[in-house]
There are 2 protein chains.
Amino acid sequence: MNIGDVSRISGLPAKTIRYYEDIGLIQPRRGENGYRSFQDKDLHKLAFLGRARALGFTIEDCRNLLALYEDDGRESAAVKHIAEDHLARIDEKIAQLHSMRSTLAELVNACAGDHRPDCPILDDLGHGQCIGADQAL
Amino acid sequence: MNIGDVSRISGLPAKTIRYYEDIGLIQPRRGENGYRSFQDKDLHKLAFLGRARALGFTIEDCRNLLALYEDDGRESAAVKHIAEDHLARIDEKIAQLHSMRSTLAELVNACAGDHRPDCPILDDLGHGQCIGADQAL
DNA sequence: ATAGAGGTTCCACCAACTGGAGGGTCAAGC
DNA sequence: GCTTGACCCTCCAGTTGGTGGAACCTCTAT
């Protein structure tokens with residue numbers, strides 16, 4: 001199987017698949033002509049990666065999850081630990097976004113949005129308290 | 001005022017302030033010695049930027065907002081438009097994160113997290129449907 | 001005079017890809 | 001046998017918003 005077929009099946013761009021090989025997540029064989037030759041095992045791994053990425057796991061998480069997936073002697077606690085950490089990170093981000101959202105919604109609501117220059121949004125940005133600015137998302 | 005003072009006052013790292021100059025968001029003067037010499041105007045702009053970034057606006061948004069801020073002939077509609085777009089992007093991200101969160105929470109919940117290898121999380125990643133994988137967050 | 005704190009520039013790196021240049025390969029049609 | 005077009009290859013650069021570090025200059029206090 002060539003990369004194009006794998007891309008169509010997995011839904012991952014060919015570029016991404018090459019990238020995953022580059023960083024050692026998959027090791028497809030090569031044919032005589034130098035083309036990558038994918039097998040079911042690779043396809044399966046790519047599906048795994050696609051789904052893990054869709055759930056927001058980092059590449060490093062994916063690397064670890066893949067290793068656990070292939071380790072028959074794993075303990076499910078290790079997997080759960082990765083997932084729980086990730087869940088916590090997601091919750092943090094959601095909280096951050098909610099906080100931004102509420103401030104922003106207020107400001108948008110207060111702004112007339114007409115041809116006049118008066119604007120509560122700019123007023124706030126210009127004079128509001130700038131808290132920490134913790135590299136928001 | 002030197003960059004260190006400005007950094008302390010604004011809460012932005014000196015590196016970040018230099019970076020903002022680099023990309024043209026601020027244009028502090030220079031003293032004889034080559035040091036940046038910040039004035040109230042710069043301080044004010046940096047506070048503006050800090051707050052806008054804390055609300056999650058992109059640098060390009062900030063650039064536009066700053067331009068509007070300094071344009072007495074602006075229409076508040078332009079500002080509101082930027083803010084509404086951003087609000088929509090935030091909502092999208094929140095929705096995405098919520099969707100990840102719910103799937104992930106289910107899986108975490110189903111996983112025993114003990115010394116045995118059986119793991120619903122890995123099962124799901126290995127066999128679940130891989131939807132689009134829209135470069136999650 | 002010298003130490004230490006602060007300033008300067010420039011280059012490299014982070015995540016996770018994506019785009020494009022420049023070139024090789026394969027299958028089909030003429 | 002040749003060309004066309006689709007496919008594949010590698011390598012380099014760019015994205016976002018900074019951050020870290022090296023190498024060097026300047027200021028202030030002792």
Side-chain angles (χ1 to χ4, degrees), chain A residues 1-26 28-38 42 46 49-66 86 89-90 93 96 100 132-137, chain B residues 1-38 42 46 48-66 86 89-90 93 96 100 132-137:
Chain A
M1 243 189 196
N2 284 347
I3 201 168
D5 311 307
V6 176
S7 171
R8 269 181 291 280
I9 294 172
S10 69
L12 297 169
K15 279 261 175 190
T16 299
I17 297 171
R18 290 196 196 97
Y19 173 66
Y20 286 171
E21 181 186 12
D22 227 51
I23 61 174
L25 289 178
I26 52 169
R29 293 205 200 153
R30 297 294 179 127
E32 296 280 305
N33 52 13
Y35 286 18
R36 287 170 186 81
S37 171
F38 295 84
D42 301 308
L46 286 169
L49 289 169
R51 183 140 173 88
R53 290 289 300 130
L55 285 178
F57 284 105
T58 66
I59 290 285
E60 276 320 294
D61 282 344
C62 289
R63 196 188 297 282
N64 295 327
L65 288 171
L66 211 44
H86 180 43
R89 287 197 302 267
I90 287 181
K93 270 186 189 163
Q96 230 174 56
M100 284 179 194
D134 205 297
Q135 250 43 273
L137 171 55
Chain B
M1 241 186 199
N2 285 346
I3 202 168
D5 310 308
V6 176
S7 170
R8 270 181 290 280
I9 294 173
S10 69
L12 297 169
K15 280 261 177 192
T16 299
I17 297 172
R18 290 197 195 96
Y19 172 67
Y20 286 172
E21 181 186 11
D22 227 50
I23 61 174
L25 289 179
I26 51 169
Q27 293 94 29
R29 294 204 200 154
R30 296 296 178 124
E32 297 281 303
N33 52 14
Y35 286 17
R36 287 170 186 81
S37 170
F38 296 84
D42 301 309
L46 286 169
F48 185 102
L49 289 169
R51 182 141 173 85
R53 290 288 300 131
L55 285 178
F57 284 105
T58 65
I59 290 285
E60 276 321 292
D61 282 344
C62 290
R63 197 188 297 282
N64 295 326
L65 288 171
L66 211 45
H86 180 42
R89 287 197 303 268
I90 287 181
K93 270 187 190 163
Q96 229 175 56
M100 285 180 194
D134 204 297
Q135 249 42 274
L137 172 54

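Throughout, a chain's letter reflects where its sequence line sits, starting with A, and its residues are numbered from 1.
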Is a donor on one side and an acceptor on the other found under 3.5 Å between the side chain of [X] and the backbone of [Y]?
X	Y	result
A/His86	A/Asp61	no
B/Ser10	B/Val6	yes
B/Ser7	B/Leu12	yes
A/Asn33	A/Tyr35	yes
A/Arg63	A/Ile23	yes

Spacing of [X] atom [atom1] relative to [N] atom [atom2], expressed in whole Å:
X	N	atom1	atom2	answer
B/Glu60	D/dG17	CD	P	8 Å
B/Leu49	D/dT16	CG	C1'	16 Å
A/Arg63	C/dA16	CZ	P	10 Å
B/Tyr19	C/dA12	OH	C1'	15 Å
A/Ile3	C/dT25	CD1	P	17 Å
A/Arg18	D/dC7	CZ	P	12 Å
A/Asp22	C/dT18	CG	C1'	13 Å
B/Ile17	C/dT9	CD1	P	13 Å

Quiz item: Are B/Thr16 and D/dT19 close enough that a side-chain N or O sits under 4.0 Å from OP1 or OP2?
Solution: yes

Quiz item: Does OP1 or OP2 of C/dA15 have a side-chain N or O of A/Thr58 closer than 4.0 Å?
Solution: no

Self-check item: Option from B/Ile17, B/Ile9, B/Thr16 for which side chain to side chain contact (heavy atoms under 4.5 Å, CB included) with B/Leu46 holds
Solution: B/Ile17

Quiz item: If you count the non-hydrogen atoms of other residues, nucleotides and ligands that lie under 6.0 Å from CZ in B/Arg30, is the total more than 12?
Solution: yes

As a test of reading the structure: which of [options] is closest to the side chain of [X], going by heavy atoms?
X	options	result
B/Arg53	C/dT18, D/dG17, D/dT19	D/dG17
B/Arg30	C/dT9, D/dC9, C/dT18	C/dT9
B/Arg36	C/dC17, C/dT8, D/dT10	C/dT8

Quiz item: What distance do A/Arg51 atom CZ and A/Leu65 atom CG have between them, rounded to the nearest 0.5 Å?
Solution: 12.5 Å

Quiz item: Which value, rounded to the nearest 0.5 Å, describes the distance between A/Arg89 atom CZ and B/Met100 atom CE?
Solution: 11.5 Å

What pairs of nitrogen or oxygen atoms, one from the protein and one from nucleotides 19-21 of chain C, lie under 3.5 Å apart?
unit_1: C/dG19; atom_1: N7; unit_2: A/Lys15; atom_2: NZ; d: 2.9
unit_1: C/dG19; atom_1: O6; unit_2: A/Lys15; atom_2: NZ; d: 2.9
unit_1: C/dG20; atom_1: O6; unit_2: A/Lys15; atom_2: NZ; d: 2.2

Quiz prompt | Side chain proximity check, B/Phe38 to B/Asp5, heavy atoms < 4.5 angstrom | solution = no

Quiz item: Heavy-atom distance under 4.5 Å between the side chains of A/Lys93 and B/Lys93, does that happen here?
Solution: no

Check nucleotides 26-30 of chain D for protein N or O atoms closer than 3.5 Å to its own N or O atoms and list the pairs.
unit_1: D/dT26; atom_1: O4'; unit_2: B/Tyr35; atom_2: OH; d: 3.3
unit_1: D/dC27; atom_1: OP1; unit_2: B/Asn33; atom_2: ND2; d: 3.1

Self-check item: Chi angles and distances behind the side-chain contact (heavy atoms from CB on, under 4.5 Å) call for B/Arg53, B/Ile59
Solution: CA-CA 7 Å; B/Arg53 290 288 300 131; B/Ile59 290 285; 3.9 Å; yes

Quiz prompt | Intra- and interstrand pairs of DNA chain D - dot-bracket, Watson-Crick/G-U under 3.5 Å, | marks other strand | solution = ||||||||||||||||||||||||||||||

